[in-house]
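This report refers to the structure that appears directly beneath it.
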2 protein chains.
Amino acid sequence: MENSRMGQAGAARNWNRQQENRAERLARARQALGNRLAGKVVGAGDIAELLHQVIEPGDRVCLEGNNQKQADFLGKALAGLDPARVHDLHLLLSVLSLPEHLDVFENGIGARLDFSFSGPQAARLARLAGAGKLNIGAIHTYLELFGRYFVDLTPRIALVAAEAADRHGNLYTGPNTEDTPAIAEATAFKGGIVIAQVNEIVDTLPRVDIPADWVGFVVQSPKPYYIEPLFTRDPAQISEIQVLMAMMAIKGIYAEYAVQRLNHGIGFDTAAIELLLPTYGLDLGLKGKIATHWALNPHPALIPAIEAGFVESVHSFGSELGMENYIRARPDIFFVGPDGSMRSNRAFCQAAGHYACDMFIGSTLQIDLQGNSSTATLGRISGFGGAPNMGSDARGRRHASPAWLKAGRQAREGRATIPRGQKLVVQMVETFREHMAPAFVEELDAWKLAEQTGMAIPPVMIYGDDVTHILTEEGIANLLLCRTSEEREQAIRGVAGYTPVGMGRDRRMVENLRDRGIVQRPEDLGIDKRLATRDLLAAKNMKDIVRASGGLYDPPKRFRNW
Amino acid sequence: MENSRMGQAGAARNWNRQQENRAERLARARQALGNRLAGKVVGAGDIAELLHQVIEPGDRVCLEGNNQKQADFLGKALAGLDPARVHDLHLLLSVLSLPEHLDVFENGIGARLDFSFSGPQAARLARLAGAGKLNIGAIHTYLELFGRYFVDLTPRIALVAAEAADRHGNLYTGPNTEDTPAIAEATAFKGGIVIAQVNEIVDTLPRVDIPADWVGFVVQSPKPYYIEPLFTRDPAQISEIQVLMAMMAIKGIYAEYAVQRLNHGIGFDTAAIELLLPTYGLDLGLKGKIATHWALNPHPALIPAIEAGFVESVHSFGSELGMENYIRARPDIFFVGPDGSMRSNRAFCQAAGHYACDMFIGSTLQIDLQGNSSTATLGRISGFGGAPNMGSDARGRRHASPAWLKAGRQAREGRATIPRGQKLVVQMVETFREHMAPAFVEELDAWKLAEQTGMAIPPVMIYGDDVTHILTEEGIANLLLCRTSEEREQAIRGVAGYTPVGMGRDRRMVENLRDRGIVQRPEDLGIDKRLATRDLLAAKNMKDIVRASGGLYDPPKRFRNW
């Protein structure tokens with residue numbers, strides 16, 4: 001009975017619609033472009049025609065845009081298409097950061113959006129969503145979005161960026177490999193079409209990053225793809241408060257847990273730590289004991305630590321402008337190909353950040369009394385990028401390390417539960433951020449944002465039960481050691497300084513937590529605050545970093561302030 | 001002061017040792033093989049010579065071996081090397097399953113091992129470890145091990161397997177792409193050498209899966225690589241108890257939570273579910289509502305559900321022997337290349353299983369009263385493969401789905417905590433496994449195994465606080481709804497049948513849990529046990545599956561029992 005039911009269903013169906021439809025699109029493109037199409041190579045002037053032919057209304061279109069490189073030429077072309085012919089697209093984007101990304105919706109080409117991070121476009125995104133110009137599917141972490149490309153958000157069209165292509169369509173991504181392999185693989189192997197903008201078309205590539213079989217078309221863009229030096233921080237802007245916090249991080253957390261494998265995000269707080277490793281860290285005898293293996297973009301601020309021999313290995317999500325020659329000269333540290341340039345890979349580096357790192361340290365805009373943190377604020381839909389992936393306990397992790405075991409022991413001491421390790425997740429914030437907005441709040445803005453925009457749950461970057469330490473200029477709160485939600489709340493209040501949350505502390509209870517080592521002040525850690533000066537920074541400005549690199553680091557123009 | 005300290009350290013150091021050492025190894029191989037080396041192509045008879053030249057004592061060597069395909073020719077060659085020349089290797093293996101994998105240690109070539117799963121070699125592995133023949137670094141989940149390849153376990157040498165190579169060294173992996181991309185990328189971009197055994201060397205590949213730039217040498221093996229049809233289950237062996245459990249799973253969990261995106265592991269329990277979708281599932285009106293998107297190997301048992309139109313998409317970790325023609329004829333369902341054959345990818349499929357699936361359902365050998373489960377038993381060091389990665393709450397996940405939100409609501413109802421979703425993690429076990437060993441125990445064998453082998457913590461496959469449901473022939477325990485550890489314990493006892501754990505239940509409390517829907521019997525779910533017969537299976541034997549596939553599925557010989 002059952003077999004006949006099924007046999008019929010199967011026989012009646014065309015199981016090859018995706019590939020047939022792909023062939024139709026390719027045929028339309030060949031027809032329209034005629035002999036202007038040289039194999040897979042399309043002229044820049046023909047890009048609108050190509051996109052009109054290969055994109056169909058309602059398509060899922062992945063536009064490569066991330067923290068660093070941008071398929072900006074293809075993005076602009078997409079935004080400029082005729083909405084009568086191409087509309088209701090479902091856009092997939094790691095990072096929505098260029099104006100053209102939102103022009104796609106403003107101009108009626110796109111209708112739905114799934115993404116991870118929006119950065120500078122967060123306010124405009126919120127306005128457009130509020131005006132009904134687009135429907136947001138969900139906010140993701142990067143690896144989560146890549147995972148969905150293979151399950152229920154597989155792209156029909158991928159618009160990616162590479163350094164160069166050869167005439168067959170092989171792609172060289174160079175150091176900014178980033179998201180391209182994940183996007184291209186999901187698209188090419190499910191009947192989709194990959195279109196790559198490249199800076200140049202050459203006879204022989206330095207190496208092949210994406211095989212030609214996966215690529216439908218390549219187009220040389222009139223200008224090289226846009227790239228943002230997002231991970232460059234000028235040491236001149238690091239404050240002495242940040243130096244003090246970096247000292248606490250190094251002595252109170254990195255050394256305390258012997259953290260060897262870690263990730264650092266963007267920001268001056270962690271840049272200060274990087275610049276203190278070869279000075280303060282060296283003086284504490286920590287060389288070779290902490291911060292040896294990194295999942296991290298090639299931060300210029302890490303150069304002094306690398307030169308001092310602190311760092312054994314760095315694998316990167318993406319590259320950083322100006323670091324090319326330095327990376328090429330330090331192949332023992334970075335992942336470089338036989339051609340000498342780096343291969344980054346956001347998917348693998350996020351997997352490494354999730355599973356192979358003992359610590360994530362990052363910053364946030366708001367922390368509540370449970371330790372939940374979010375960068376979501378009213379009127380801005382910003383997303384969280386990779387932070388939720390790396391700033392959460394990797395519960396599927398099964399290999400042990402001293403740092404992981406110690407964190408797990410502290411969390412479980414005295415509890416009737418099976419022993420396991422835990423990832424260190426550190427939130428490092430000054431108690432007041434710019435414009436005297438307190439970093440500690442009774443309720444996250446995320447609640448109101450969720451209400452306003454109809455999200456199912458408030459957009460939290462890192463959940464309180466994943467946070468192990470909160471570090472402010474006032475001290476460190478070790479949440480692993482808290483045994484009740486009241487202790488947790490008072491530990492958080494106990495480092496919240498002069499914010500209303502900090503002023504609301506129960507002083508006796510906070511002193512009790514301090515006696516138990518749950519709240520630690522600089523003096524409890526044996527840190528002399530008077531030594532927390534900029535003199536401790538291994539590089540005090542951009543010129544110092546260039547000097548530390550032996551002249552190999554070549555900062556982007558905007559950072560050349562000497 | 002600081003800059004001078006560092007400048008000196010940096011200047012004195014050779015930063016290019018890995019690439020220089022790689023060049024030395026390649027030069028030695030060229031020297032030794034002379035004109036027997038044709039570009040990158042090595043003769044099978046020269047393999048020992050090649051390995052002796054390119055491997056150095058103490059090297060980290062990744063040998064591709066996983067659930068399915070095995071670089072068995074290279075593994076045998078490695079085990080047969082001269083231990084006076086090659087010794088103290090640190091072996092990295094996804095799955096240690098062939099005798100030669102352990103011969104490497106027995107013969108004094110290998111000294112240290114990091115791996116994910118050992119399967120049939122688990123007992124011998126325990127004996128060798130006990131005899132001091134090898135030192136186990138750690139047991140991992142697959143994606144975790146891949147992550148470490150980019151951080152602190154980067155291979156110097158990778159020995160991989162592919163279908164074919166061309167004379168340049170480009171590799172075609174065909175449907176069994178599996179771990180090769182992750183291994184090759186980590187090795188090739190950190191000064192390592194990738195050596196591939198291939199079934200044939202051809203002029204033109206069907207497609208390029210691994211670019212030649214990443215590959216050091218290719219060797220045509222005398223026999224095609226070994227491959228295990230691990231995911232094939234003969235429906236003839238499915239019992240009526242398993243049919244009943246599958247009915248409970250479909251009605252009590254899949255339908256209850258509207259689970260659309262999911263993973264199934266190996267086993268008859270989940271094969272029964274697959275075979276009930278187009279019969280029982282169809283009768284319940286669930287077509288298109290559940291089980292539409294899968295992260296899963298191409299299980300033959302899923303064919304009837306695919307033919308019935310239940311399934312929209314399947315992305316796979318690896319392929320399955322005999323499914324090649326079926327997959328080729330169903331490109332709308334599977335991820336296939338323009339050449340018509342599948343590209344699997346364990347790394348991306350594990351990322352999808354972690355982040356893009358709402359449910360993991362699997363089996364285990366033992367469950368304790370907290371819900372911790374493990375397949376580790378005394379005298380066997382087996383590992384857990386991908387289960388910990390997929391069978392744990394993905395705390396970094398930020399996109400919502402109805403299933404995820406409902407599980408999260410149930411876990412948090414009445415608790416003062418910020419709302420979030422949760423992954424469904426289902427353990428499906430009969431209360432007694434073979435030889436009448438109870439599946440429910442007061443204490444996991446993992447405790448004693450950890451003690452015996454000096455592990456830092458007991459090897460748990462899935463932690464109790466990640467498990468949401470336990471399903472046995474007696475019923476379903478919904479642990480999400482339990483509010484105390486006592487309730488949890490009684491819910492587990494309440495489905496543990498006639499095992500000592502089950503007999504130890506507090507009957508009144510279990511009845512109370514049943515009233516609250518925490519424990520559900522088949523009759524509570526409206527399931528008539530009398531209907532739980534093999535008649536419900538959409539295919540009752542291998543021949544039925546072949547018929548359902550329209551003759552496209554070609555089972556391996558050992559399954560051809562008609």
Side-chain angles (χ1 to χ4, degrees), chain A residues 2-3 6 9-10 15-19 138-141 143-144 146-148 150-152 189-190 207-208 211 213 261 278-279 293 295 304 307-309 315 330-332 335 337 343 348 351-352 355-356 372 388-389 392-393 395-400 405 418-420 456-457 466 538 547-548, chain B residues 2-3 6 9-10 15-19 138-141 143-144 146-148 150-152 189-190 207-208 211 213 261 278-279 293 295 304 307-309 315 330-332 335 337 343 348 351-352 355-356 372 388-389 392-393 395-400 405 418-420 456-457 460 466 538 548:
Chain A
E2 304 79 18
N3 288 331
M6 275 166 299
W15 296 92
N16 197 15
R17 286 172 301 181
Q18 289 170 10
Q19 292 200 350
I139 302 176
H140 304 77
T141 181
L143 190 59
E144 176 184 5
F146 300 157
R148 290 191 75 187
F150 293 91
V151 178
D152 62 339
F189 290 91
K190 201 80 200 322
R207 68 172 191 250
V208 175
D213 297 327
R261 301 173 304 165
T279 57
H293 294 80
E307 295 300 303
H315 185 259
R330 299 288 180 268
D332 284 355
F335 278 71
R343 179 164 159 119
F348 281 130
Y355 272 132
N372 299 303
N389 174 59
S392 61
D393 190 32
R395 299 168 78 91
R397 173 175 165 177
R398 291 296 177 268
H399 77 279
L405 288 171
I418 201 157
R420 68 196 286 190
I457 53 175
D466 279 321
R547 200 182 297 128
Chain B
E2 305 81 17
N3 288 330
M6 275 166 299
W15 296 92
N16 197 15
R17 287 173 300 179
Q18 291 171 7
Q19 293 201 349
I139 303 176
H140 304 77
T141 183
L143 191 58
E144 176 184 5
F146 301 157
R148 291 191 74 188
F150 293 91
V151 178
D152 62 339
F189 290 91
K190 200 79 201 316
R207 68 170 191 250
V208 174
D213 297 327
R261 301 173 304 165
T279 57
H293 293 81
E307 295 301 303
H315 185 257
R330 298 290 180 267
D332 284 355
F335 278 71
R343 178 165 160 119
F348 280 131
Y355 272 131
N372 300 304
N389 174 59
S392 61
D393 189 34
R395 299 168 77 91
R397 173 175 166 177
R398 292 295 177 270
H399 76 279
L405 288 172
I418 201 158
R420 67 196 284 189
I457 54 174
V460 170
D466 278 321

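Per chain, numbering begins at 1; letters A, B, ... match sequence-line order.
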Flag the one option from A:F348, A:F335, A:F146 with the top tally of heavy-atom pairs under 4.5 Å to chain B. A:F335
Among the options B:A138, B:A351, B:A295, B:A356, pick out the one with the most heavy-atom pairs lying under 4.5 Å from chain A. B:A356
Per-residue tally against chain B (heavy atom, under 4.5 Å) across A:D393, A:I139, A:D466, A:L405 peaks at A:D466
Is it the case that the side chain of A:R398 and the backbone of B:V460 share a donor-acceptor pair, with hydrogens and angles ignored and the cut-off at 3.5 Å? yes
I need the B:L143 CG to A:L143 CG distance, nearest 0.5 Å. 7.0 Å
Shortest non-hydrogen contact between A:D332 and B:Q18, atoms and distance: OD1-N, 2.8 Å
Any idea which of A:R17, A:R148, A:R397, A:Q19 has the most non-hydrogen atom pairs under 4.5 angstrom with chain B? A:R148
Can you find a pair of side-chain heavy atoms, one from A:Y355 and one from B:V151, that are under 4.5 Å apart? no
Heavy atoms only: give me the nearest A:R207-B:D213 pair and the separation to one decimal. CA-OD2, 2.9 Å
Report the relative orientation of the aromatic rings in A:H315 and B:F150; use parallel for angles under 30°, tilted for 30 to 60°, perpendicular for over 60°. tilted
Would a 4.5 Å heavy-atom cut-off, applied to side chains only, mark B:H399 and A:H140 as touching? yes
Of the listed residues (A:R261, A:H293, A:R420), which shares the most heavy-atom pairs with chain B below a 4.5 Å separation? A:R420
Among B:A352, B:G396, B:A456, residue most engaged with chain A (heavy-atom pairs, under 4.5 Å): B:G396
Taking B:K190 for its side chain and A:P331 for its backbone only, find out whether a donor-acceptor pair lies under 3.5 Å. no
Who wins among A:T141, A:N372, A:V208 for the most heavy-atom pairs under 4.5 Å with chain B? A:V208
